[in-house]
Protein chains: 2
Amino acid sequence: MRFNTVTIKDIAKALGLSTSTISRALRGGYEISEETKKIVTAYAEKINYHPNPIALSLKERRSYSIGIVVCEIANNFYSQAIDGMESVAYTAGYNVTITQSHERFDREVLNVEHLASRSVDGLLISLSSESSDVSYLKNLHNQGLPIVLFDRVTDEIDTHKVIADNFKGAFDATEYLIQLGHKKISHFTSSAHLSVTGERLEGYKAALKKYDIPFNTDYIKYCELGGSNQEEIDKATKEILALKECPDAIFFAQDKLSAGCLHAIKKIAPDYFSGIKIAGFTNSTVVDLFNPPITAIRQPAFEMGQAAMELLIQLIESKKPVTEFETRVLHTELIINNPNQ
Amino acid sequence: MRFNTVTIKDIAKALGLSTSTISRALRGGYEISEETKKIVTAYAEKINYHPNPIALSLKERRSYSIGIVVCEIANNFYSQAIDGMESVAYTAGYNVTITQSHERFDREVLNVEHLASRSVDGLLISLSSESSDVSYLKNLHNQGLPIVLFDRVTDEIDTHKVIADNFKGAFDATEYLIQLGHKKISHFTSSAHLSVTGERLEGYKAALKKYDIPFNTDYIKYCELGGSNQEEIDKATKEILALKECPDAIFFAQDKLSAGCLHAIKKIAPDYFSGIKIAGFTNSTVVDLFNPPITAIRQPAFEMGQAAMELLIQLIESKKPVTEFETRVLHTELIINNPNQ
DNA sequence: ATTGTTGTCGGGAACGATTGCGTGAATATT
DNA sequence: AATATTCACGCAATCGTTCCCGACAACAAT
């Protein structure tokens with residue numbers, strides 16, 4: 001720490017040995033006698049010596065720290081994923097630096113470059129809803145920075161990826177709504193160039209098709225800002241409520257959209273509340289307490305975080321350059337929340 | 001980064017100058033001619049030179065990074081506070097490393113020591129519910145590590161603190177419940193040695209006293225694990241439901257407790273749902289969608305984060321040792337959520 | 001012509017740790 | 001007894017950067 005930071009030199013001076021001897025004794029070099037080792041380790045223990053990680057980073061050209069970029073930590077999916085990442089990282093001796101893009105491209109770039117320049121050993125990233133151009137990431141990746149993408153991925157970068165089975169999750173949820181008797185199912189989703197948006201939309205479409213329900217573009221609402229802007233959601237909500245064939249169910253692609261839309265309905269057309277059925281992607285632990293209840297498509301966020309971190313560390317610690325990449329697809333779970341009582 | 005990391009030496013070699021000249025030219029040293037400066041900066045720009053922050057940290061004995069320790073980022077209060085901290089830190093040129101204690105003392109110590117050894121310039125911490133002994137923190141603080149406490153603080157350490165007006169928040173919420181006609185008000189809270197626990201309990205007591213309602217210890221439930229363990233909450237819930245004077249309102253000191261208790265009631269005694277009135281500390285943006293609705297005591301989390309970070313940076317950048325410390329108390333807000341419709 | 005300024009720049013130590021190489025002594029080998 | 005081997009340790013370079021001391025011009029002042 002800042003004050004009396006005790007270094008290897010202090011030990012050397014106190015014991016009348018050279019710094020190299022101390023260094024080797026501490027890390028068990030074969031060339032140091034057992035006796036000296038004992039003296040050194042005992043003294044190091046006594047004065048509470050810890051090697052300076054900054055100096056090590058400079059020398060070894062690595063930091064044993066890993067950068068994480070998500071759009072919002074205040075989203076259960078991401079905070080659970082981060083928990084998974086942390087659990088793997090800590091046992092492997094890495095620490096993590098978490099940053100948020102707040103769904104903004106410029107913040108994402110800033111964060112990534114900051115992390116890269118601070119010599120993180122690798123990067124775990126889920127793209128912001130504004131990120132259509134990922135060339136800045138590609139450059140970094142080409143320069144040799146190990147990157148693993150999760151959740152919101154891109155084909156532009158050839159590396160490991162960890163995603164949920166968004167197609168099937170969306171399909172299951174839509175099918176569930178259909179089986180309840182709904183045919184007029186709206187779909188609220190986020191920015192069109194996000195990988196998850198496309199996959200979830202396709203799952204929705206496939207379920208409709210299976211039950212011969214025509215696909216109606218009026219029912220699809222893209223909220224570019226992914227729920228961070230309530231006005232955008234209000235507008236979309238008004239639009240679907242104004243349709244002559246007003247939907248009787250909504251399928252949400254994002255956690256924040258469902259909450260935002262419920263707020264909008266409550267504000268705009270509170271009497272509409274009782275009839276509507278809602279399903280959506282969310283990892284919230286409290287949606288079962290909602291009124292109306294929300295049927296949840298739950299992603300294995302913790303496991304996704306674990307998998308992503310495992311793949312990244314594998315990449316970092318690989319001796320030879322890795323050229324074979326895998327995309328892990330984890331299953332979602334449909335959690336049906338019936339009305340209270 | 002890891003590969004062709006371009007250093008000051010490369011520039012020196014390419015331009016036939018010494019590293020010292022480059023260094024000075026880049027940071028505008030007075031001793032370098034304008035002409036040379038131009039050449040150097042132009043070339044640095046061209047090959048995309050960025051000073052190595054690791055080397056700087058080693059030299060300057062500071063890292064321009066700040067450590068944050070909270071119990072859970074998956075808690076709206078903390079994630080909002082972190083947003084506030086980030087906003088201040090980034091404009092001041094610092095970056096932050098976020099860690100979680102998961103309400104465990106050992107994790108907290110591990111995180112703090114890791115951060116300290118990685119030479120963070122300062123620490124922002126909200127204590128875990130298990131942390132009664134803070135001597136490890138005190139030691140670090142005495143060694144010169146700047147620390148600002150927020151939310152869950154301790155008297156043991158003499159430094160800046162940022163807290164919410166927990167007493168008044170609890171008082172207001174309890175008074176609100178009383179004014180609705182409730183007299184049998186239970187209080188669920190977390191670990192007894194947390195600062196917020198005491199302050200909120202006192203506020204609750206004061207409101208009871210004002211309205212001449214006797215204080216009943218049977219109504220007070222300490223959940224030591226602060227809501228991270230559902231069984232603990234189930235047990236407490238069963239106990240209050242089994243009382244002959246069963247409470248008709250509950251005041252929660254923690255976000256997770258209210259959700260946990262609602263889950264418990266739903267499971268144990270679903271018919272009890274309609275009558276009960278609930279108020280609690282929470283920064284969730286969705287409690288208004290709950291059934292039953294929850295009246296929320298909202299802390300200015302973002303502002304608390306900002307204030308804490310400002311005080312910390314002030315501490316870090318102060319030339320002379322700071323001996324006068326302040327405790328900032330920010331006001332809470334009571335948000336009344338009526339039943340739907 | 002000598003000394004003093006000023007303007008530009010380079011040499012090299014330092015931050016804390018690791019590590020290849022060298023060295024001297026003790027011991028083993030022939 | 002002479003040489004080889006092993007043991008235990010020190011020297012110094014290295015990572016990228018800053019900064020204290022010079023150094024050496026050109027020019028002004030004496």
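Residue numbering restarts at 1 for every chain, and letters A, B, ... go by the order of the sequence lines.
Phosphate contact (OP1/OP2 of D:dG16, side-chain N/O of B:Ser23, threshold under 4.0 Å): absent. For D:dT17, neither phosphate oxygen OP1 nor OP2 lies less than 4.0 angstrom from any side-chain nitrogen or oxygen of B:Arg24. Look at B:Thr7 and you won't find any side-chain N or O under 4.0 angstrom from OP1 or OP2 of D:dG16. Distances shown here put a side-chain N or O of B:Tyr49 below 4.0 Å from the OP1 or OP2 atom of D:dT17. Contact annotation: A:Ser18 reaches the phosphate of D:dG10 (side-chain N/O to OP1 or OP2, under 4.0 Å). Under 4.0 angstrom from either OP1 or OP2 of D:dC9 there lies at least one side-chain N or O belonging to A:Thr36. Side-chain N/O atoms of A:Ser33 include one lying less than 4.0 angstrom from OP1 or OP2 on D:dC9.
Salt-bridge formation is not detected for the pair B:Lys38/B:Glu35: no Lys NZ or Arg NE/NH1/NH2 atom is positioned less than 4.0 Å from an Asp or Glu carboxylate oxygen. Ion pairing between A:Arg104 and A:Glu130 fails under the 4.0 Å rule for side-chain N and carboxylate O.
Considering only the side chain of A:Glu60, C:dT19 comes nearest among C:dT19, C:dC9, D:dC15. When distances run from any side-chain atom of B:Ser20 to the nucleotides D:dT17, C:dA17, C:dG12, the shortest one goes to C:dG12. Minimum atom distance to the side chain of B:Arg27 is reached by D:dT18, of the listed D:dA12, D:dT18, C:dG10. The nucleotide whose nearest atom lies closest to any side-chain atom of B:Lys59 is, among D:dC9, D:dG16, C:dG16, D:dG16.
Atom OH in B:Tyr64 sits about 16 Å away from atom P in D:dT17, given to the nearest Å. Rounded to a whole Å, the CD1 atom of A:Ile22 is 16 Å from the P atom of C:dT19. When the P atom of C:dT18 is taken as reference, atom CD1 of A:Ile32 falls 12 Å away, rounded to whole Å. As a whole-Å value, the separation of A:Lys37 NZ from D:dC7 P is 12 Å. When rounded to the nearest whole Å, the span between OH of B:Tyr30 and P of C:dT6 equals 12 Å. If you take CD of A:Glu34 and P of D:dC7, they are 12 Å apart, rounded to a whole angstrom. For the pair A:Lys13 NZ and C:dG16 P, the computed distance is 11 Å after rounding to whole Å. The separation between B:Ile54 atom CD1 and D:dT17 atom P is 11 Å, rounded to whole Å.
Here the closest non-hydrogen pair linking A:Ser57 and B:Ile54 is CB-CG2, 3.6 Å.
If you find the closest nucleotide of DNA chain D to A:Leu17 and to B:Lys9, the one lying nearer the 5' end belongs to A:Leu17. The 5' end of DNA chain D is approached more closely, in terms of each residue's nearest nucleotide, by B:Leu58 than by the other of B:Leu58 and B:Glu31.
Taking the ring axis of A:Tyr30 as reference, the NZ or CZ atom of A:Arg24 does not stay both within 45° of it and closer than 6.0 Å to the ring centre. Figure legend: A:Arg62 and A:Tyr64 shown as a cation-pi pair, the cationic atom lying under 6.0 angstrom from the six-membered ring centre and within 45 degrees of its axis.
Contact check for B:Val70 versus B:Phe150: side-chain heavy atoms found under the 4.5 Å cut-off.
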